[in-house]
Amino acid sequence: MNQFLTRRTFLGASIATATTVALAACSTPSPNSRPSDRILPDDPMIAKVEARRPATGRRSTQQLNAGAFATSVAGTTLTTWGYNGSLTGPTIRAAVGDRLEVAVSNALAEATTVHWHGLALRNDADGVPDLTQNAIAPGSDFNYKFRLNRPGTYWYHSHAEMQRERALYGALIIEDPKEPLSYDQDWVIVLDDWLDGITGTPQEALDELSMGMNMSGMDMTMKHMLMGSHSSYLGGDAGDVTMPAHLFNDKTTSDAEIFASRPGNRIRLRIINAAGDTAYRVGVPGQKITLTHADGFPVKHQDVDAVVLAMGERIDAILTVATGFTPVVALPEGKKGVAHGLISTGTGTAPDTNGLPTVLDGKVTDGGRLKAHESVLLSPRSPNRVHTMRLTGTMAKYDWGINGRRFDMMTPFAGAFEVAVNDRIQVKIINQTKMWHPMHLHGHTFQIAGDGARKDTVIVRPNETVTFEFDADNPGQWLAHCHNAYHAGRGMMGVFSYVR
Ligand SMILES: [Cu+2]
């Protein structure tokens, strides 16, 4: 536990660094924070809840070195930031009840953290800079240690600045020793949109978007702002940022990954959308896939032609392998381009990439429209606390926020959504903007109203209201935010704050 991350550090306006913490301890408490009431990451209750999680007694270890490295994306040689010198970081596989121990070394020029997306884990390992830990300074190390609570398809990524928009992410697969699903192989598929080192950096793109459309009347070229992308599935504009490349396990279509299999094998596709500004529509032309899990939790199975994944979402699906080459296609929703991977049974010839479909239609759904498997339904109970999150902001001002407020880490609890241990919380997300937003809650897996899927990230379309519920069983301070990296970067974030 970081010595600076104590109740005291939450007293003042600034908790960013050790230096400011020292100052903060002398400053006047903000009227918005009531530190004595909040259950902070160093609270003894966090360890008590951790001790109740399943425990196999096994440790699973991983080293992650965050640093700059040279690589090639879509034929361009570039330098980006990633873990262990590669695009997608190592896939971490462990089992429910294992204690995951990840040693992070920061060789970047800026501070970093690692967030374990989708996990109901101990709050002090959640990896949100200044909220659950002090960010890991350049040249420093940090050890994340926590028990794995549930099986499923998860991922990890940096939660500092725009770092996730480079290559600071990887897959985290938690195996179920009593896995009820039968399959022969599993294939982890990580999708990402990419601009870093091709058209600029993610920060430059955010800076350009942050100027809003006020600049459009001036004689200035907008390099990154995407105009006119449209998805009727997402209810309007599909995205904000021009992405020169789309990656399927780090590869573009000219160099697609080939997954070796056998005719008749059942492959569990574990699809993860790691993108910053792009939803993907994933399907296998001419074949149905059976959706089995959304965000790691089982759903009532559905056979579909394609599934849409927002940024941050995961979908597991079963595909029965045909003889020859089978393309698994990921179309950037409402944007130009295609990414794909190939399943090969060792015969036939790979399809011409020019022949890949530009449209996937038929029966199409997304995780937010699936129903929970009965084994993971929340127990029937009326909510005793209701929170409303209005999503606010415009493309013109690029002032994305929640309830009209752009999140400011200097006052993390301003506008916080307070919850108490053992509450049943209902959250109504009302999208008052003209953009769709994939809203993500840390540390919990909510249930969409009406026996919907258990999820941690859900698509909220323009003018739509999405209602979900969750049990407040994981004390601490938990971020909730849009998983569009550019919207989050501008402040569409808030805190679900456990209070006594
Ligand atoms: Cu958003």
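Only heavy atoms go into these numbers, but all of them, side chains included; no hydrogens, no water, no symmetry mates. All ligand and atom numbering here is 1-based and tracks the order in the structure. Start at 1 with the first residue, then count along the sequence.
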Compute the ring centroids of Trp155 and His483, then answer whether they are less than 6.0 Å apart. yes

His440 and His115: aromatic ring centres closer than 6.0 Å? yes

Listed partners of [X] passing side-chain hydrogen bond (donor to acceptor under 3.5 Å, both in side chains), at least two apart:
X	result
Gln62	none
Thr113	none
Ser231	Glu333

Shell of protein N/O/S atoms around the Cu ion (ligand 1), taken as anything under 2.8 Å: His437 ND1, Cys482 SG, His487 ND1

Have a look at Asp366 and tell me which of Arg281, Arg461, Lys455 forms a salt bridge (Lys or Arg N to Asp or Glu O under 4.0 Å) with it. Arg461

